[in-house]
Q: 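Have a look at this one before I ask anything.
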Amino acid sequence: MKQSKSFYATTPIYYVNDAPHIGHAYTTTLADVLVRYHKMLGHKTFFLTGTDEHGQKVQQAATVRGVSPQEHVDTYNVRFRQLWSQMDIAYDHFIRTTDQDHKNFVQECLQKLWDKGEIYAKHYEGWYSVGEERFFGENELIDGKDPISGRPVEWLQEKNYFFSMSKYQDRLIAHLEQNPDWVLPDFRRNEVLGFLRQPLADLCISRPRARLSWGIPLPFDQDFVTYVWFDALINYVSGVRKKTFPDGSYIWPATVHLLGKDILTTHAVYWPTMLMALDLPLPTRLLAHGWWLNGGAKMSKSTGNIVDPIPYMQRFGVDIFRYFLLRDMVIGQDSTFSDEAFIRRANADLANDLGNGLNRVHRLLQSHFEGKIPCVNLPEGEEEQRLREQSEKLLETLAASVEQFRLSQFVEDILQLVRLVNRYLEVRAPWKLAKQPEQGDLLALVLRTSAEALRIALQLLSPIMPSKCAKGLSLLGACDQGVQSLRWGILTGGEILGQNPGEQGLFPRIETEKASTEKPVKPAAENPDYFPLDLRVAQILQVKGHPDGDSLWVLSLDAGEKSPRTVCAGLRKQYSAEQLSHKMVVLLANLKPAPLRGIISQGMLLAADGSDNLVLLLEAPANAEVGMRILPAQSTAPAPDLIIRRKDLDKHSLQVLSGRLYCDGKELLCEGSPITSTAPHGSSVR
Ligand code: MSP
């Protein structure tokens, strides 16, 4: 029987004292996404993450808090677990270096190396940095200070135990030379080789217990505990040594250790030499990613520029946050985190490209095929063939992109397919076909082809955005079926998930003051039948007087969205609160929100100028429901992200003609019914 491929990914185990930030979130999301891709490809997977809980800093923090180190780490490791659960991170095991099983294994390793003569005691003196918990050579210091943290160092003299790392230098160099992609990216491998051009020193692995008690005692000398890295690196084996893949095969060695570039030497030099001495196989790859920068500097507690992931997830949703992390960092390079970059990315890729394509196709399927994927009686034309070929090409590159960790580029390729779908829709204009009964077959072909390509895009994005893509797939009547889903032509006549009229799309545009002012009005030429005013039926829920304007009512409206809208309307002289309450009215929903005497009005109610300065509110037809669109016949609703300004509105002529509402000479209808008004013929509407 053909053995399925295995994939074991690890993240560094994070220092338990630190508050989790987006640097940690990035590595862990990257691991999670890679594992989900491998699962999709039918591979057996294992994902290990955890916390690094020993050492001087933990001991000090516990003392400050007046608790035992164990109590301290028991409390603090939870912050990481909670974040991973909030971020939809599906690890298989969370290891803590204070787990008894891990401690036992570290001691077994120490004993083995001691017995083999790979560990020896020596008196040692050097510059010691408390911050970094390590000694530095005189020539490594910068201005006499710790070269990493810039903090002062102290001269220490003590007996310690050393691992004979130098013995393995040649073997390690040979390994790096024979396995050119053992360390990725390439330039990081060269850095390691550069480092190995200097003679390698032996590795100090202990601390006297008198100075540091919060560690794992050396089995052969109880007066000493092992040093942080020797303890921590072993987690990658101890975390899986008693586990197997479902088919009973061993999990170690790791397929990939994911890590930040700052901890490359420990992983590419200390760790493989330790494994060589322990006669254990080496990990297959090390992938060193860059840093997330904020304000030009690496995010860190000491710089005070840490970005906490939680507010982003609360504001924009977990999946959008995961998408941003994966899309914006090219593996190996540094990346800058900013609100602007985040919002720009989410709006461009998700709201505009993916969200729009999906909304258009879903809406047409709902309105013209009773919410079902139609059967197709026409052969593919050139345009359809191109979409199919692009989709198949993408599917073919999946395995290689994932194996070579080219995720950012892969996501870009998926987005290219989505953009192609949107262009295809513009060319085929299904909204026009929908109005020509004789074009029913072509309409079916166009919708089915677009739905299929979008299904593939969603399927391929689902490891990055699991919940959003699952919902997106169900909007197309599909679901994730792993390997089975990785081919063209799966959609059958199944039913698609319905959406309530007015329900927000899957990827609503993120509105900020800046984003909405910067957004140019989309050229109508992109789609000649496209109507730029988002007019919909809304119901007045609540009426309150404006505290600062006696002609204004402050209305709360249900426009079929998640939450009610507030609109200020100058109707107070003419309409009482009772008259307005529960009325079904016509809302211009995509007018740029603007303050009216201190209260932001989110849209405008349409009213006609009657005679004698009367203002006549336009009402929705009797059978209308909240959220229904009001459009000229044969037009398409505006894209959900299109915001218009007053001056854009002024370019249109809204009028009552013969008792009915018109815009630029075309009658506006709500699902076929006219909007009537008693205003005189020719009255303008605002
Ligand atoms: N405990 C050690 C790792 C032991 S692994 C056997 C450790 N922990 S850490 O919490 O300080 O850092 C863990 C990881 O977070 C490192 O890979 C580090 O590169 C990463 N990051 C910390 N700040 C970062 C950014 N600003 N950006 C991206 N990742 C960075 O080191």
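Ligands are counted one by one from 1 in listed order, and the atoms in each one are counted from 1 as well.
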Q: Please report whether the ring centroid of Y161 lies less than 6.0 Å from that of F220.
A: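 Centroid separation for F220 and Y161: below 6.0 Å.
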Q: Between H21 and F337, does the ring centre distance come in under 6.0 Å?
A: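 Ring-ring flag for H21/F337: false, centres at least 6.0 Å apart.
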Q: Would you say the ring centers of H24 and Y14 fall short of 6.0 Å from each other?
A: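 Between Y14 and H24, which both carry aromatic rings, the centre distance is below 6.0 Å.
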Q: Without hydrogens or angle criteria, can the side chains of E53 and T51 be said to hold a donor-acceptor pair below 3.5 Å?
A: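 Note: E53 and T51 side chains meet the donor-acceptor criterion.
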Q: Between E108 and N104, is there a side-chain donor-acceptor contact under 3.5 Å, judged purely by atom types and distance?
A: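 Short answer, no.
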Q: Please confirm whether F80 and F94 have ring centers closer than 6.0 angstrom.
A: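 Not under 6.0 Å, so no.
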Q: List below, pair by pair, the N or O atoms of ligand 1 and of the protein that are less than 3.5 Å apart, including the distance to 0.1 Å; reply 'none' if no pair qualifies.
A:
from, atom 1, to, atom 2, distance (Å)
ligand 1, 1 (N), I13, O, 2.8
ligand 1, 1 (N), D52, OD2, 2.8
ligand 1, 10 (O), Y15, N, 3.1
ligand 1, 10 (O), H24, NE2, 3.4
ligand 1, 17 (O), G260, N, 2.7
ligand 1, 19 (O), D262, OD1, 2.4
ligand 1, 19 (O), D262, OD2, 3.4
ligand 1, 26 (N), W292, O, 3.1
ligand 1, 26 (N), M299, O, 3.4
ligand 1, 27 (N), W292, N, 2.8

